Amino acid sequence: ADAFRWYFFTSKQPWDGYRFSEEAVGEGVRLFLKQLWNTYAFLQTYEPSIEDDPTRPSGQTELDRWVLSRLSGTVTEATERLDDYDATFAGRAIAAFVDDLSNWYVRRSRRRFWAGDPVAFETLRTCLLTVSQLLAPFTPFVADEVWEGLEGGGASVHLSDWPEAGPRDEALEEAMGVARDTVRMGLSARGASKIKLRQPLEEVVVVAAGREREAIEAHADVIREELNVKGLRFVAGAEELGSYAIKANYRSLGPRFGKAMPQAAAAIEALDAQHVAVVLREGGTVGLNVDGHEHELTAADVTLQMEPLDGYQVEREGAHAVALDLAITPALRREMLAREIVRAVQGARKDAGLDVSDRIVLELGGAADLVAAAREHEGYVSGEVLAVSTAWDADGAPSTRIEGMDLHVSVTRA
């Protein structure tokens, strides 16, 4: 029933008409309700196991303040939309927040959750309880289940007061948004290059200035970690990341030049593409001489294509650009192998039925390159898989394949 209601509330405005299908309802379940439920289940699963420990860190982090500010903004937007009988965009605002909560806050805070940080758990609890109140008119059964499961108070979420928005830090929201956009563009560049995320790269180069650069600098560690790069460097303009190729837009210029269009196209390709890119980006026009007549070209009259520098993959959006250095050194490859080894050990832990907090005794063996990578990054591997000790004589243990090589893994509870 909730999935059905969610579809009709949020798929489009009622007066636009609906084309109903079970697949469309299922998409809402997959993209929203399961995401919400998995976040709720995560809190349900791990919060009860956390014991009081005065040595654990306390106090809000920037990420806590950001998600609570986003929560306040969502409460404000959803309330205003519902007051105007606009359930569609109220629901979409809630869905956008749940996506931010799951895919950024929880994911970026996972180490704090594993460490049992009470502030992280309390922040997540606050967000989910408030979301359940916002969802009460949309998905009444799921909202009540989340509310009662988290002991929100009272017999039902439907007997609670509508939430009130708290303070907002819009500057922090804007800065985090810039950092996330940088990450998104960097991940797009990775996808285009077909280099998997576990492979560390040397650097990311970003075109940014002013407040955007300040925001990126403030979140440089987050960006480097998300993109799995060693360094972050700034350049003033996208033209520093490669060279431009310029071509005529026949749709725009054809009616103007008619039979002279081939000469116009040749003249445009002969222009200094770098200069044209700078002028058009600043809103100017470019002069063009064809058969002794002067013409002015605007951004709509030409197509500019960036050809990245050798060894770089560039992702552009308007005047903004992010480039990844694709060179993979032997050291970077060994680090990638260490990350793949961690993934393999985590799989072995799961197969052994171990709890996520269990410490293990780890034994590794197999291909020399894999063992060498694990030895070089032993501290990282041990920390990620919670190994209290590591031995290198597991050649008889079950094996898995990494980059075409065999890795033998043995894990036992410490």
Side-chain angles (χ1 to χ4, degrees), residues 11-13 15-19 24 88-89 92 174 177-178 180-195 203-213 215-216 227 233-327:
S11 62
K12 59 174 64 178
Q13 296 284 12
W15 49 83
D16 289 338
Y18 292 90
R19 179 172 294 175
T88 300
F89 282 92
R92 291 178 184 178
E174 180 183 355
V178 171
R180 294 184 68 188
D181 283 343
T182 303
V183 170
R184 176 178 53 78
M185 293 174 65
L187 292 176
S188 294
R190 265 205 183 257
S193 69
K194 294 182 170 51
I195 294 180
E203 71 171 359
V204 58
V205 185
V206 180
V207 177
R211 293 172 61 184
E212 289 188 345
R213 175 164 178 167
I216 293 171
L227 296 180
R233 179 165 58 90
F234 292 95
V235 294
E239 59 273 7
E240 297 184 47
L241 301 178
S243 59
Y244 285 100
I246 184 172
K247 294 187 179 297
N249 182 347
Y250 279 74
R251 184 183 298 273
S252 172
L253 297 179
R256 287 170 57 184
F257 288 98
K259 294 181 179 180
M261 190 61 215
Q263 295 96 309
I268 289 172
E269 292 182 13
L271 294 172
D272 183 342
Q274 299 290 106
H275 171 73
V276 171
V278 172
V279 171
L280 295 182
R281 187 174 66 238
E282 296 175 352
T285 60
V286 176
L288 183 72
N289 187 292
V290 178
D291 290 338
H293 298 285
E294 289 292 332
H295 302 269
E296 285 192 347
L297 302 179
T298 67
D301 297 325
V302 298
T303 300
L304 285 166
Q305 296 178 333
M306 173 170 277
E307 298 176 354
L309 297 173
D310 287 343
Y312 285 81
Q313 182 69 45
V314 179
E315 186 73 17
R316 289 196 62 202
E317 287 184 4
H320 309 297
V322 173
L324 290 176
D325 182 350
L326 304 181

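This structure is a prediction, so every number in the text was calculated from the model and none was measured. Nothing fancy with the numbering, it's 1 onward along the sequence.
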Taking all non-hydrogen atoms of both residues, which atom of [X] and which atom of [Y] are closest, and how far apart?
{"X": "Y250", "Y": "A265", "value": "OH-CB, 3.4 Å"}
{"X": "R256", "Y": "E296", "value": "NH2-O, 3.2 Å"}
{"X": "V314", "Y": "A321", "value": "CG1-CB, 4.3 Å"}
{"X": "A192", "Y": "Q313", "value": "CB-NE2, 3.6 Å"}
{"X": "L271", "Y": "I246", "value": "O-CG2, 4.3 Å"}
{"X": "A267", "Y": "N289", "value": "CB-O, 4.3 Å"}

Donor-acceptor contact below 3.5 Å, side chain R92 vs main chain S11 |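 Checked: pair present.
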Heavy-atom distance under 4.5 Å between the side chains of [X] and [Y], does that happen here?
{"X": "D272", "Y": "V276", "result": "no"}
{"X": "V286", "Y": "I268", "result": "no"}
{"X": "N249", "Y": "V302", "result": "no"}

Nearest-0.5 Å distance, CE of residue M261 to CD of residue Q263 |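 Here the rounded value is 10.0 Å.
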How far does OG1 of T182 sit from CG of L227, to the nearest 0.5 angstrom?
->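 Atom-to-atom, T182:OG1 and L227:CG are 8.5 Å apart.
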Would the number of heavy atoms belonging to other residues, nucleotides or ligands and lying under 6.0 Å from CD of E294 be above 12?
->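 Above 12, so yes.
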Neighbour count above 12 (heavy atom, 6.0 Å) for R211 CZ |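 No, CZ of R211 has 12 or fewer neighbouring heavy atoms, counting only those of other groups under 6.0 Å.
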For R190, enumerate each residue passing the salt bridge (charged side-chain N to carboxylate O under 4.0 Å, His left out) test, keeping only those at least two apart in sequence or located in another chain.
->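 With sequence neighbours excluded, R190 shows a salt bridge (charged side-chain N to carboxylate O under 4.0 Å, His left out) to no residue whatsoever.
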Full working for side chain to side chain contact (heavy atoms under 4.5 Å, CB included) between D325 and V205 = CA-CA 8 Å; D325 182 350; V205 185; over 6 Å; no
Who passes ring-ring contact (aromatic ring centres under 6.0 Å, His included) against Y312, sequence neighbours left out?
->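 Residues passing ring-ring contact (aromatic ring centres under 6.0 Å, His included) with Y312: none at all.
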With sequence neighbours left out, write down each residue that passes side chain to side chain donor-acceptor pair (under 3.5 Å) with T298, or none if nothing qualifies.
->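 Scan of T298 (side chain to side chain donor-acceptor pair (under 3.5 Å), adjacent residues dropped) gives D301.
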Criterion side chain to side chain contact (heavy atoms under 4.5 Å, CB included) on V279 and T285, from CA distance to verdict = CA-CA 7 Å; V279 171; T285 60; 6.0 Å; no
